[in-house]
Each structure stands twice: as C-alpha cells, then as structure tokens.
Amino acid sequence: MRKALIRLLSALLVALPLLGVLAEPTFAASSRVAIIKSLTGEVSVQKAGGSKSFKAFAKMSLNQGDIITSGPKGSAVLQFANGSSEDDQMTLGADTSMTFAKVSDKKGTVTKVSVLKGNVWSHVKSIKSAEDAFQLETPTASMGVRGTNFAVVVDPKTGTTTLLVLSGIVQTGLPSAPATVPVYPTQQIQLNPSDRQPEAKIAFADLNAFVQSASSELVQAIIKQAPEINQENEAFIQRLQNGNGLLQPTSSFQIPSDLSPVQQNLEQLVGNLAQKAIEQNKSISSDIQKAIDEANSKMTDLMKKLDLGNVKPLDPAAGTDPSQSASAKNAQAEYEAQLKEEQMKQMQELQKKMLDMLKKIQEEKTRLTQQNRNRQMVLDQQALDAYLKGMTDAERQAFEQNRAALGLPPVATPAPTPTPVSPGGSGGSGGSPTPTPAPTATPTPTASPSPTPSATPTTSPSPTPAPFYGVKYADAKGEPLQLAFAPDQHVYEMKVSANNADLTITGNISADLPIKKIWSNDISYTPNADGEFRIPLRSGSEADNVISIWTSDEEPGNDESVSTLYVERADTPEGIISWSAMDQDEHWFDWYNIASNKYAAGTRSTDTERLALQIQVEENVESIHVGVDGVGADLSRFDGEDYRIFFGEIFDSLAANQATSFTLTLKDAEGRMIGQPQQMFWMNGIPESLLFELRDGSGTPARVNLEDAEEMNFSADVSPATEEIVFAPNEMGLVPLSVLANGENTYLPSTDGLIRIPLMEGPDQVLFADMGPFVIRIHLYKDLPDGLNAFQVKDPNGDRLVWNKKPVEGEQPVYRALLYSLEFESSIEFEVNSGQEVELYISGEKRYTFNSVYPTFTFPVSELKRVEEGPFTSYEFDLTIQGVLNRFIITIESLS
C-alpha cells in the first residue's frame, strides 16, 4: 500500500508541472491562477503539499499553496488571471522565494501573495472596483495595494521588509494588524520584527540602499515600466491639485502650496534609479540602457523619455510631514526601549536555566562514567578468571612471573565452581554428594567398508553477474559504493562524502528502460563513450544537487518517464569539521573543491609571506600530516583547540604568481589514515602562465600568451583545422573545475582528467576556465594556416595580427587581417611544421622557399605588394602550403 501511494505521488509530481506545458493560457473565471510568463537562470517550484522542488519552465501554472524560488542568478516574470494584457504581473529577482496564500476571482479580483525572502516588483492593474484587492505579505509586513508599481525586498537573515513605491498607494501594516498606513510615490517604509509603529518608519526613498539589495533583473523590470509609472503619477498630481489625492484621516504626505517639487520628483524617479544602478555596478550599464530603450520606445512625448545625461536629483523635502513623523518616531523609540528591557530579562532567565541544565548534565555524565568503569572492572575480572581456569600449573606460574616482571600484582585464584548437592540429607551436612555413576563399557566398533570413490565432479562455469543499474560513487576512503535503481521507485535520496566531486549513473534504469537525458543544476547531460552519465556535484548540505533522470524525450507519458535523485554532499573531507586559509595580515580565504580530494585557495596579492591553515577536526583525529615535495611532518592535535598551522617554516618562500602545492593527511591515535590525503593548492598572486596544459586534439600544445595579467586574460593560437581543444592537468595535477565556452556550454573533466571542447566555426572564440578562487579567460585564435607552427607580425607596437579565413570565388583560401597601425620596418615571421615546405610569392613571383630544415623565416613588410589606395593601405602576398596556394591580405589604417 505504501509503495502504491509513493508511486501515485511521484506520478502527480511529474504530471503537475507538465500539464502547464500542454495547457493553453486560458482559464475559467472561477479558477484564477498565475503563469510563469518568462524566466532566466535557476528557478524551481514546490507544489502545494509537496516536499520536493523541481525545475520551473515557461507557461507553467502556479496555484494556491505553490512556492516558487529563484536561485542566485535566477529571475521570473509571473502573470496573473486570464492571460489578458491587463493582468497583474510580478517580477522575482535573484534569491527570492514566494508563495500564493490565496488566488481567486469570484466576486472581485483578489490576489494574496506571501514573499518569504528576496525581492519582487509588482505591476498591479486589477484594482478597478471596491471588490478588487491585491494583498502582499512578508514575515514583518502586510500590504494592501491601491495602485500599480511598487517593489518589496525581504532580508532573508533578519526578515526586515523594505517597500518602495514608485506609483500608486500601498497601505501598509504589521502582520497581525490591518494595513492602514499609506505609503505614497517616492516614499519607502522599512519594517523589522521589533516595530510597532509603522508610520514612524516611513521615509523618503533611499535609492542607493534599494539598488544594493535588489537584483539587476528587478531594476530593469522597473525601468521598462517607466511609461505606466509616469502615467499614473500624472494622475496622482492631478488628484493632489483637486484636493483628493491623499487618504484620510491620517497621511504621511504633505501637500505643499507649490506642487512643482513633488512633480519633478515623480518625473525623475525612474531616471535616478537607473543612474544609481549603473553607479554601483558598471557591468550592467548595457542591460540598463536596453531597458531604457525599451521604455522610451513606448513614449511618444520626447520630453518624458529617459535620458541618463539629463537626470535631475530628487528633493527629499518635497511632500514630507515632519510633525507627524517626529511623534510616531518617539512612540516607536519608547516601545523599543521597553522591548529591550523585556528581552534582557528573558536572556538572564535563559542563561540561569542553561547553567542549571549544564550542571545536571555534568553530574549525570560523572555518574555514567563511574558506572561504566565499575562495569568494565567486573567484566575484566570475569574474563581473567575464565582465562586462568584454562591454564595448567606451569602456564599459571609463567603467567604470574610475567606479571611480576611488569610490576603488576598477583591475581587472585579464581573461586572453584561449587559441586552441586542433592536436596535433603541428615544432620548438618546439608546432603551427601551425588555419587558418580560407573562408566558403561563401550562396545568395539565394527569396521565399516571403504566408501566407493565418486567420480571427479565437472567444474561448472562461474555464473555471469547480473548487470548493475544505478549510481556509482565512493566512500570516504575511495572504496566503490553503489545505489541500485528499483523499477517501482522514482525518488532517491543519498549522502556522499566530500571526495565525490561527481557521480556516475548507468545508461539504463533497468534492462529494458534506457535513460534519454539527465538534468542537474540547469545543465543537461548526455551519455559518455561508455554509455554512462557523469554528473558533477556541488558541496554542502544546502547545495542544490537535484538530478532529474528522464527515460522519455521530456514529454508527459506515464509515471515511468522521470526519476529524481537528491544528493547531499559533505562540505569537507572525512575528519574535518571546518577549515580556511589565513595570510600574515589575518585575511581569511575559503578552500574551493576543484576535483576529488583537491582544494584550492588564493589571493590576487603577492604580498603573502606567511600562510596559515585554520582547521577544526573531529575527536578521532590525533594528528595531521603536512607534506611538501615528498617531505612532511606530523603535527600533534591541540587538545580542545582548533589547529592553526603556519607554513612559513615549511616553505622557504611562497612563489609569487603561481600555485604552491602541499598534501594534508589526517591520522588517528594508532597512526591509521582517516579518509584520503587531500592535495591543497595556494595560488599566490595572479598567475603569469596557465595553471594547466592547453593543446589541440592531436596533442600539439597551443601557443599561449599573457594579454592582461590584472584581468587574468590569456590568448592561445591553434590551427584553423583544429576541431577540438583539450585542457589537461599540469605537472601538479591542476586542471580547471569546468570551462564555459562562448557563454553557452559548460564542459567538465572526463574520467581521464581531460576537458575536451569542440571548437565552433570562425576565427576565434572565448573560453572561461574556473579554477576555484580564480576564473581565467582564454581568447582562442584559429589564426594559423595548416602547415605552420608560428605566423605573426613582429611589430614594435605589439599589435596583434588576427587572420580570418574566408572563402572566395574558386577554391583558393584567403586570409585577411586588420591592423590599426604598423611600423614600416616591421616584418612578418613564419615557422614551418616538421616535414613541410612553404613557398612565398609576391605579385605572382616566387621569392622565397623555406622548410623544416630552416623552419623560421622573416621578411620585411616593405617588400609586400601594395594593392589598394584610399583611406586604408593594403598589402598582399601568397604562400603555397601543402600544395595549396593561400592568399594573405593585410589592411592597415595608418602606416608610420
């Protein structure tokens, strides 16, 4: 029965989200729902009543009780009601969790939403009658909306709620009280758990603080809504002029005799927000400008279009009411003082209870220790008595002599086992001993006939082991472990050690059920050459290692189409509770897991002369072995304290701008290893060379140059014929944790430790290698003609010549290049591959022949043929490589 119920629930978990894909976005009036209009990054949904989350997708339906959560780089736009353009919309920023407490539209439109943490932007249009309502709740605030555009930020640590209103009116209150305090455009309110006077918390909008706490996606959503914000604020100004723009009887907004400062604030509000966002994060300026362009495309009035070069600062004094604000703040301060006194009393009472509890625990611990000691003494004596009983007199004498030699006292003679007596008897003897019966004579046995020898059995072949279907991983010592799939099970949970940087999943769920695709952390995986799936894992109990296993083409079919594997991976290796690195200035650095049993930390600064490892270990760890270049030492455990291991005495010096490696091994009291040795890398400063090897698919190393040390940008050259680039471990075994290619696909090390990336068509592409504490950018140029090892312009200015192979009429390859400037004395240098011969032609005349005997050849630019006049200067020449005539054209903007 239980299995059937689990199976039914699994089927529902699979079917519910998929129904959102099949359904059209039209709904009956009595079934108000929300739709995920669009999303980016990691977004998950936990259905009402469920305990597990799964990946969200566009057009997915959300109903009452559902919880939607965005990841650190995720966002989503939700659309309410029946799909019309007049619907309410909400934008979830990064690290946001929200649930729908009530969503319906029976008599009027009622939308009730709870924001648990993070930041949301609400664009509300459904408030058209007295029956309509849009309510938003947070852990510390309750809001009723009478307008269109507002943002809410909930601090996940403190629960503090910040509300910023850009247009309309939001009536605000505490969770346990009616929302009666109005917040107007250009105002904000910040409420925390200790607040009891909401009106005291209303202030002028602090855009700097808001931009710091809100995600970039949220700010862009606000900017895109600028036309609607301006339109509603114009109506608000009109109502103020008519004397009916404020809610009564209380108001935190003061109508001045001159409304022009208020009007200017409203008109400049969105522009100031965009400006603050760019000031704090220059990297999003292009995204902000795109949002501005989208907003301006909807505005017909040129005077109201957003222009970051013409933004006027806001006037915080416009529309404020100082008298009311001061009274409310005094009341709030009085309440906070009373609350602080109560909290102090509670803290003192709690401390007294804790001391009493600790005393009782210590007394009980002492009692149990003595009880266990007494019990062990009895068991030891019983074991000794039993041992002595089996000894001969000579063995007993030798045993006593050995004890005496060790300075131990003689053991007491074990008491003889009493002879049983019969009941009754006479006198005071208590009965006579039972006489031992005389033994019965044993008859002489008759000899048995010799057994007939049986034929030698034929050796049967060993049975073929049944194929395994499931998950392969390892324990803390690296020994293989397995989790088998079950045909009737669709949800699996497992915990693995930190040395499991990845899992291997077989290509089938069962013999007749192959796996089509696996999703993990928003990345889709396909089987490797062995037909298995290798899935990387994130560290920590809070990490999102949710693996979806599909046996169909991600289309709804039956409950056999998907299984979910939840994996919790330990933060630290076996025996280690926590660890970090520290330099001589006591700056702390985290260790990044870059592969199984490999960790890295580092700093951009090269001033680190003394490095320390702060480590907290478990009780069974007796010593830590630190090894450098095969030489190491055991460091004894500090009883009751954390280790702080300084490497200044172990390393003569920490090499600048490269990685230094050492090993870390834990041992118990018997000297046995705990877990596995860990290889640690300290990256001191900015690496001047790659921390790994880079070569093409044939094994030829790429030519690598450092372009920008501060930004850790490198360039690498390979032949245009190269179809694959390979990241391989260096002499220390370092290889990237992963590589992002062209901003699209992420590649991981295979079982042989190599990362293989297929190259796209085109002259160049960009790769990002994740080394843990650093990300290295590699600009890969396919600018070498086949047959050449090196091909470059030797220019004093250092300008790079990038060749672009482009087809033209006929079959002759043409390479083109553009330089902004070139010294007339510059030269072109070639280096020929082994076994190749190259001929150089200028104006159709063969000038030079060079080969691998004299592989490097240089000739001046002044000898090239000038082929074009005009604003640019172009020169051309031809090379015959492997029997193919290649043309090369250099275009120069200026020649000096």
Side-chain angles (χ1 to χ4, degrees), residues 88 110-113 115 120-138 140-153 160-192 195-207 210 228-229 231-256 259 261-263 265-266 269 314-332:
D88 304 335
V110 177
T111 305
K112 192 173 184 181
V113 177
V115 179
V120 298
W121 165 251
S122 299
H123 175 60
V124 181
K125 289 188 175 182
S126 61
I127 311 302
K128 298 178 180 177
S129 66
E131 291 80 14
D132 294 341
F134 190 101
Q135 301 173 9
L136 191 147
E137 294 179 343
T138 73
T140 55
S142 166
M143 285 156 272
V145 182
R146 296 179 61 85
T148 300
N149 295 284
F150 66 98
V152 173
V153 177
T160 299
T161 298
T162 302
L163 163 70
L164 173 67
V165 180
L166 284 93
S167 68
I169 304 173
V170 180
Q171 287 189 296
T172 310
L174 303 173
S176 58
T180 57
V181 178
V183 183
Y184 295 95
T186 70
Q187 290 186 338
Q188 71 175 36
I189 185 170
Q190 191 173 78
L191 297 174
N192 58 56
D195 288 327
R196 288 298 179 270
Q197 299 289 335
E199 58 271 18
K201 310 296 287 187
I202 295 178
F204 191 77
D206 186 347
L207 298 183
F210 174 77
E228 288 82 358
I229 294 174
Q231 185 178 359
E232 188 169 4
N233 283 335
E234 288 175 6
F236 177 62
I237 290 292
Q238 187 64 44
R239 291 197 302 273
L240 291 179
Q241 292 173 344
N242 297 335
N244 59 357
L246 304 182
L247 300 181
Q248 299 297 331
T250 61
S251 173
S252 59
F253 198 96
Q254 186 178 41
I255 304 177
L259 283 173
V262 175
Q263 184 173 0
N265 277 353
L266 296 175
L269 185 56
L314 302 180
D315 180 5
T320 59
D321 188 352
S323 61
Q324 184 174 356
S325 175
S327 174
K329 288 181 179 178
N330 290 337
Q332 175 68 23

* If you take all heavy atoms of P198 and I189, which pair is closest and at what distance? -> O-CD1, 3.3 Å
* Do N265 side-chain atoms and D315 backbone N/O form a donor-acceptor pair below 3.5 Å? -> yes
* Asked: Are the side chains of Y184 and V165 in touch, meaning some heavy atoms are under 4.5 Å apart?
  -> no
* For the atom pair CD (E232) and CG (L166), what is the distance rounded to the nearest 0.5 Å? -> 10.5 Å
* Identify the heavy atoms of G168 and P185 that sit nearest to each other, and give their distance. => O-CD, 3.2 Å
* To do: Pick out which of V153, L207, V152 makes a side chain to side chain contact (heavy atoms under 4.5 Å, CB included) with L164.
  => L207
* CD (Q231) with more than 12 external heavy atoms under 6.0 Å -> no
* Asked: CG/L163 to OG1/T172 distance, rounded to the nearest 0.5 angstrom?
  -> 5.0 Å
* **Value rounded to 0.5 Å, distance of CZ in R239 from CD1 in I169** => 6.0 Å
* To do: To the nearest 0.5 Å, tell me how far I229 CD1 sits from H123 NE2.
  => 8.5 Å
* Any chance you could measure T161, atom OG1, to K201, atom NZ, to the nearest 0.5 Å? => 11.5 Å
* **Partner residues of F210 under the ring-ring contact (aromatic ring centres under 6.0 Å, His included) criterion, sequence neighbours left out** => none
* How about L136 and F150: do any of their side-chain heavy atoms sit closer than 4.5 Å? -> yes
* Asked: Have E137 and S142 got a donor and an acceptor in their side chains that come within less than 3.5 Å?
  -> no
* Rounded to the nearest 0.5 Å, what's the gap from CG on L266 to CD1 on I237? Could you check? => 5.0 Å
* Asked: Between Q188 (side chain) and D206 (backbone), is there a donor-acceptor pair under 3.5 Å?
  -> yes
* Donor + acceptor pair across side chains of N192, T140 (<3.5 Å) -> no
